[in-house]
Amino acid sequence: MMKFIKNFRKDENGAVTVDWVVLTAAVVALGAAAYTSIETGSTALTASTSTYLIAEDPNL
């Protein structure tokens with residue numbers, strides 16, 4: 001049993017998987033943050049454009 005525990009502690013095969021999981025989670029979080037930022041900006045721009053177009057008189 002002690003030999004199994006020592007071998008398990010020295011084995012680094014799972015460490016690479018943990019690294020990839022952390023990196024993937026970071027990329028997903030950055031993507032979500034970017035999406036939120038873009039969505040907020042585009043909503044504000046759409047509202048401003050709508051307000052401008054409503055105020056314009058098409059008969060001029």
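This chain uses plain numbering: 1 for the first residue, then up along the sequence.
One N or O on the side chain of Thr36 and one on the backbone of Ala32 form a donor-acceptor pair closer than 3.5 Å. Checked by atom type and distance alone, the side chain of Ser50 never pairs as donor or acceptor with a backbone atom of Thr46 at under 3.5 Å.
In this structure, the separation between CG on Leu45 and OG1 on Thr40 is 12.5 Å, given to the nearest 0.5 Å. Taking OG1 of Thr43 as the start and CD1 of Ile38 as the end, the distance is 11.5 Å to the nearest 0.5 Å.
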